[in-house]
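Every heavy atom of this structure was used, including side-chain atoms; hydrogens, water molecules and symmetry mates were not. Numbers here are sequence positions counted from 1.
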Amino acid sequence: MSPSAPTPLEAGSALETLVHQFADPLSFLRELIQNSVDAGSREVEVRFEFEPATDGGDGAMVIHVDDWGEGMDRAIIDTQLTRLFSSSKEGDLTKIGKFGIGFVSVFAIEPDAVCLDTSRGGENWRVLFHKDKTFTRIARDEPVEGTKIRVIKGASASQFEALRGKAREVVRYWCRHLPADVRFDGKRLNEPLDLELPVKVRVVAEDTEVVAGYTLDSSRFSGFYNRGLTL
């Protein structure tokens, strides 16, 4: 091995650093939604499902993040999504593409598995990420439109309900002004970029839109957005 070649330890450390940079583990929803918008999807659906255990113990929650964007072929999967992960057949690599930067955040909630189905250019793929962050790439016969992600994690019914409630607020906070339709459990969360104030002014110049005004009770608020995503 040459002196400049990455080792598994270096790649693993880089992955852990990226995963744990997120103060709120549920911020992974923001990252996945942003990936969907970057892939050209005009709508993103977030759904929470709970599957009770048959033996009376805790069940599992499944978090769906579905988009209808351009999808991914093997080249994109290999160069932009999974370069920092270890596959069952290939060594660790340290490069990571634009989709991978956001995608690693999904491991902040310590899922038991993550399943990604995607299609592009006649190629249909499933990428199954395991609990230890290794992945398996599987060719599929059936195409999907865009990219469909399932995040699977063991949870009790009460844990599921608590997480679903918080997740809705997280998605609304970060993504409510996105131009793409963002739905959470079937309900649209989008809101216009506006302020409910007695006096306000709106200025639009090129790619910038500013809404400003004042309140009667001297309260203050400021928000900054990049293509509608809260900064």
Side-chain angles (χ1 to χ4, degrees), residues 22 24-51 59-74 76-77 80-82 85 97-109 111-130 135-155 160-161 163-191 227-230:
F22 298 94
D24 180 2
L26 286 173
S27 292
F28 84 88
L29 291 166
R30 172 196 67 202
E31 300 296 319
L32 295 187
I33 291 170
Q34 183 61 55
N35 276 358
S36 296
V37 174
D38 289 344
S41 185
R42 296 187 178 183
E43 55 182 314
V44 185
E45 175 82 38
V46 179
R47 291 181 289 114
F48 272 61
E49 294 181 346
F50 182 71
E51 298 181 359
M61 62 179 170
V62 183
I63 306 171
H64 299 259
V65 181
D66 296 345
D67 74 47
W68 289 262
E70 296 175 339
M72 288 178 275
D73 55 21
R74 177 165 180 172
I76 295 174
I77 291 170
Q80 297 190 34
L81 182 70
T82 62
F85 298 89
K98 68 173 185 176
F99 293 120
I101 290 173
F103 184 79
V104 296
S105 64
V106 75
F107 290 96
I109 66 166
D112 295 316
V114 180
C115 183
L116 181 151
D117 291 334
T118 190
S119 298
R120 182 171 179 162
E123 298 182 23
N124 310 309
W125 294 100
R126 168 167 292 174
V127 186
L128 180 61
F129 293 86
H130 310 286
F135 74 91
T136 305
R137 187 196 315 103
I138 305 165
R140 286 168 43 89
D141 295 327
E142 294 296 324
V144 298
E145 185 178 356
T147 299
K148 317 301 181 189
I149 298 174
R150 287 174 287 163
V151 183
I152 304 163
K153 181 178 175 64
F160 166 78
E161 291 297 341
L163 194 68
R164 180 169 63 173
K166 184 178 179 183
R168 185 185 186 282
E169 292 307 311
V170 166
V171 173
R172 179 184 175 276
Y173 174 80
W174 291 108
C175 306
R176 67 184 181 275
H177 295 315
L178 282 175
D181 283 345
V182 180
R183 297 187 299 274
F184 191 98
D185 283 343
K187 296 183 179 179
R188 190 171 183 267
L189 296 184
N190 297 74
E191 300 175 9
R227 293 187 299 164
L229 188 74
T230 301

### Query
Is the backbone N or O of Glu123 less than 3.5 Å from a side-chain atom of Asp73, with the two atoms forming a donor-acceptor pair by type?
no
### Minimum-distance pair of heavy atoms, taken over all atoms of Trp174 and Leu229
O-CD1, 3.3 Å
### Task
Would you give the length of the straight line joining atom CD of Glu70 to atom OG of Ser36, rounded to the nearest 0.5 angstrom?
11.5 Å
### Query
Ignoring hydrogens and geometry, is there a side-chain-to-backbone donor-acceptor pair from Glu51 to Val62 under 3.5 Å?
no
### Task
Would you indicate whether Glu169, at its atom CD, is surrounded by more than 12 heavy atoms from other residues, nucleotides or ligands within a distance under 6.0 Å?
yes
### Message
Going by side-chain hydrogen bond (donor to acceptor under 3.5 Å, both in side chains), name the pairs with one or both residues in residues 181-191, residues two or more places apart or in two chains.
### Response
Glu43-Arg183, Glu45-Arg183, Arg172-Glu191, Asp181-Arg188
### Non-neighbouring partners of Glu161 that pass side-chain hydrogen bond (donor to acceptor under 3.5 Å, both in side chains), sequence neighbours left out
Arg164
### Task
Would you please say whether a donor-acceptor pair under 3.5 Å links the side chains of His177 and Thr230?
no
### Message
Holding to side-chain hydrogen bond (donor to acceptor under 3.5 Å, both in side chains), I want the full list of residues that pass it with Trp68, two or more places apart in sequence or in another chain.
### Response
none
### Message
For Phe50, give me all partners under ring pair (Phe, Tyr, Trp, His ring centres under 6.0 Å), at least two apart in sequence or on another chain.
### Response
Phe160
Solution key, residues 141-150 side-chain donor-acceptor pairs under 3.5 Å, sequence neighbours excluded:
residue: Thr147; atom: OG1; partner: Thr118; partner atom: OG1; Å: 2.9
residue: Lys148; atom: NZ; partner: Asp67; partner atom: O; Å: 2.8
residue: Lys148; atom: NZ; partner: Glu145; partner atom: O; Å: 2.8

#### Entry: Side-chain heavy atoms of Trp125 within contact of Met72, under 4.5 Å
no
### Message
Suppose we screen for side-chain contact (heavy atoms from CB on, under 4.5 Å). Which residues come up paired with Ala167, at least two apart in sequence or across chains?
### Response
Leu26, Leu29, Phe48, Phe184
### Shortest non-hydrogen separation from Ser41 to Ala180 and the atoms involved
O-CB, 3.7 Å
## Note on the structure
Output for pair (Arg140 CZ, Asp117 CG), nearest 0.5 Å, gives 4.0 Å
### Nearest atoms (heavy-atom pairs only) where Phe103 meets Asn35
N-ND2, 3.9 Å
#### Entry: Side-chain touch Lys166/Asp24, heavy atoms, less than 4.5 angstrom
yes
### Query
For the residue pair Pro111 and Val151, what are the closest heavy atoms and their distance?
CB-CG1, 3.8 Å
### Task
Compare all side-chain heavy atoms of Val182 with those of Arg176 and state whether any distance is below 4.5 angstrom.
no
### Query
Hey, what's the ring geometry for Phe107 with Phe129, parallel, tilted or perpendicular (30° and 60° as the breaks)?
perpendicular
